There are 2 protein chains.
Amino acid sequence: MVRDSARDSILDAAQAVVLERGAGHVTLEAVAERAGLSKGGVLYHFQNKDAMLSALVDRMVRMFQSVVAEKRKALGDDPERTLEAHVEAVFSMGDQTMNDAACAMLPALATNPVLLEPLRSFYRDHYGELSNSTVGPYQSAVVSLALDGLWLMEMLQISPLTEDDEAKIKLMLLRLASKPLPKSFTPN
Amino acid sequence: MVRDSARDSILDAAQAVVLERGAGHVTLEAVAERAGLSKGGVLYHFQNKDAMLSALVDRMVRMFQSVVAEKRKALGDDPERTLEAHVEAVFSMGDQTMNDAACAMLPALATNPVLLEPLRSFYRDHYGELSNSTVGPYQSAVVSLALDGLWLMEMLQISPLTEDDEAKIKLMLLRLASKPLPKSFTPN
DNA sequence: GAAACTGTACCGTCTGGTCGGTTCATATAC
DNA sequence: GTATATGAACCGACCAGACGGTACAGTTTC
């Protein structure tokens, strides 16, 4: 994880602005002020606003990918266990980082959905890999969707789940990610 | 479902604008043009922009609640089967309506997260009810989170799932919503 | 003719983006 | 070792356009 300090501190500032004022109020001036420089300074580092928002999405996707890769490595780089790695990754991030992820995606979604392309491509790859899982594509999808649901809760800041709840849910998801369900639960 | 034709057609137009130009480009003028009247006309029906976005959220939450209520009734108004009703409701909506729901929430999220309060209150109630389910709170939560995940996919327009996939997933979720998992999957 | 509705003109503000500086550290020349 | 030059980082004034909102006049409906 290499940090270009100037660019990264601007992106950090942008996320902070999302958190404090909402995704629709991410202006160049607001970001500049939060980052401790002027609008001109921000535009020196990013060609335009879209480039900044795009970088925000990009950075977050890469970060998450690296966490997944790390967890996958810890599980022996077994393609059948990618889903487990995914579950581990999400829960290892914690609410804070999950919120950061939301703050990175929301401005892009608000101003120009095209900027979410890196995220879309990530999801395509991810769902593509799910067919390799021990538990089959549909059970995998359910687990994966539940993780996304957790993310949505964080994004809209409406999660009514306690940490204890989340720990229990993690356990259940880990088992659902590694052990096929009895036939009475599966389609066909 | 009572429709105040003028107000509702403006709200429809607003959702269309979200779909076509993105949540950040929902301006009074754009909505007016799409609805076939002028900005003044829109502002006659809604005190200001926030009121319009708020009405958008409100309408969607009420719509979804009524669908859930309908499905619950069809299942005999059994508190233990509320979760099943919820699953049925989500899948009965289809991609189109799910997308509409996203289009109703996104502008509020972008301009003023406070406007999402009706949605938050809905989720609080919903998760409160989950403890009554036959399948216990954690399994319920997993099912519910998966539904939210589906919604998120639609919201970010990144769902790589085919209709066939979704049908299979629905089946699995319905079973997970009505039959407790074997002990080997549950915490404790 | 009153109430409901719609259009038009306009104002003040905000925003993205441009552009011509300024600072300052480092490199090069002599 | 001093003078000159270079380039990266950044500032701040400014502009054109978009936006939310107001005021008010006109139209339609009953």
Side-chain angles (χ1 to χ4, degrees), chain A residues 2-59 103-104 106-116, chain B residues 2-57 103-104 106-116:
Chain A
V2 190
R3 261 185 79 97
D4 175 337
S5 71
R7 278 174 63 99
D8 274 317
S9 72
I10 290 172
L11 295 181
D12 292 344
Q15 287 181 2
V17 171
V18 178
L19 206 61
E20 290 161 11
R21 310 192 203 177
H25 297 97
V26 179
T27 67
L28 291 174
E29 259 173 14
V31 172
E33 190 193 359
R34 196 59 167 58
L37 41 72
S38 71
K39 196 164 69 171
V42 172
L43 284 168
Y44 172 77
H45 291 282
F46 298 97
Q47 197 179 359
N48 53 35
K49 193 185 176 184
D50 273 12
M52 187 184 78
L53 300 182
S54 196
L56 214 48
V57 172
D58 236 58
R59 184 175 74 155
C103 291
L106 287 176
L109 182 61
T111 66
N112 186 359
V114 173
L115 303 176
L116 287 180
Chain B
V2 190
R3 262 183 79 98
D4 174 338
S5 71
R7 279 174 61 100
D8 273 316
S9 73
I10 290 172
L11 295 181
D12 291 345
Q15 287 180 3
V17 171
V18 177
L19 207 61
E20 289 161 12
R21 311 192 203 177
H25 297 97
V26 179
T27 68
L28 291 174
E29 260 173 14
V31 172
E33 189 193 359
R34 197 59 169 59
L37 42 72
S38 70
K39 195 165 72 170
V42 172
L43 283 168
Y44 172 78
H45 292 281
F46 298 98
Q47 196 179 0
N48 52 37
K49 192 184 178 184
D50 273 12
M52 187 184 78
L53 300 182
S54 196
L56 214 48
V57 173
C103 291
L106 286 175
L109 183 61
T111 66
N112 186 0
V114 173
L115 302 177
L116 287 180

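Source: prediction; values computed, not measured. In what follows, chains are A, B, ... by sequence order, proteins preceding strands, each numbered from 1.
Taking atom CD of residue B:Glu29 and atom P of nucleotide C:dT8, one finds them 12 Å apart after rounding to whole Å. Protein atom CG of B:Leu43 is 14 Å distant from nucleotide atom C1' of D:dC24, rounded to whole Å. Separating the CG atom of B:Leu28 from the P atom of C:dT13 is a distance of 19 Å, rounded to the nearest angstrom. Between the NE2 atom of B:His45 and the P atom of C:dA4 there is a distance of 12 Å, given to the nearest Å. Rounding to whole angstrom units, CE of residue A:Met52 and P of C:dT15 are separated by 12 Å. Regarding A:Glu33, its CD atom lies at a distance of 12 Å from the P atom of C:dT15, rounded to whole Å. The distance between atom CD1 of B:Ile10 and atom C1' of C:dC5, rounded to the nearest whole Å, is 11 Å.
Side-chain contact between B:Ile10 and B:Tyr44: absent, with no pair of heavy atoms (C-beta onward) separated by less than 4.5 Å.
In plain terms, the two heavy atoms of A:Ala108 and A:Leu115 that are nearest each other are CB-CB, 3.9 Å.
Separating the CD atom in A:Gln15 from the CZ atom in A:Arg59 is a distance of 5.0 Å, to the nearest 0.5 Å. Distance CG/A:Asp12 to SG/A:Cys103: 11.5 Å, rounded to 0.5 Å. In this structure, the separation between NZ on A:Lys49 and NZ on A:Lys39 is 10.5 Å, given to the nearest 0.5 Å.
Checked against D:dG20, C:dT6, D:dT22, the side chain of B:Tyr44 finds its nearest nucleotide in C:dT6. The nucleotide whose nearest atom lies closest to any side-chain atom of B:Lys49 is, among C:dT6, D:dG21, C:dG16, D:dG21. Ranking D:dC11, D:dT22, C:dG17 by closeness to the A:Leu37 side chain, first place goes to D:dC11. Comparing atom distances between the B:Thr27 side chain and each of D:dC19, C:dT18, D:dC10 picks out D:dC19 as nearest. Residue A:Lys39 places its side chain closer to C:dG17 than to any other of D:dG21, C:dG17, D:dA9.
Between B:His25 and D:dC19 there is no side-chain polar atom (N or O) within less than 4.0 angstrom of OP1 or OP2.
Residue order along DNA chain C, read from the 5' end via each residue's closest nucleotide, puts B:Gly40 first among B:Gly40 and A:Asn48.
Heavy atoms of A:Ser38 sit under 4.0 angstrom from at least one base atom.
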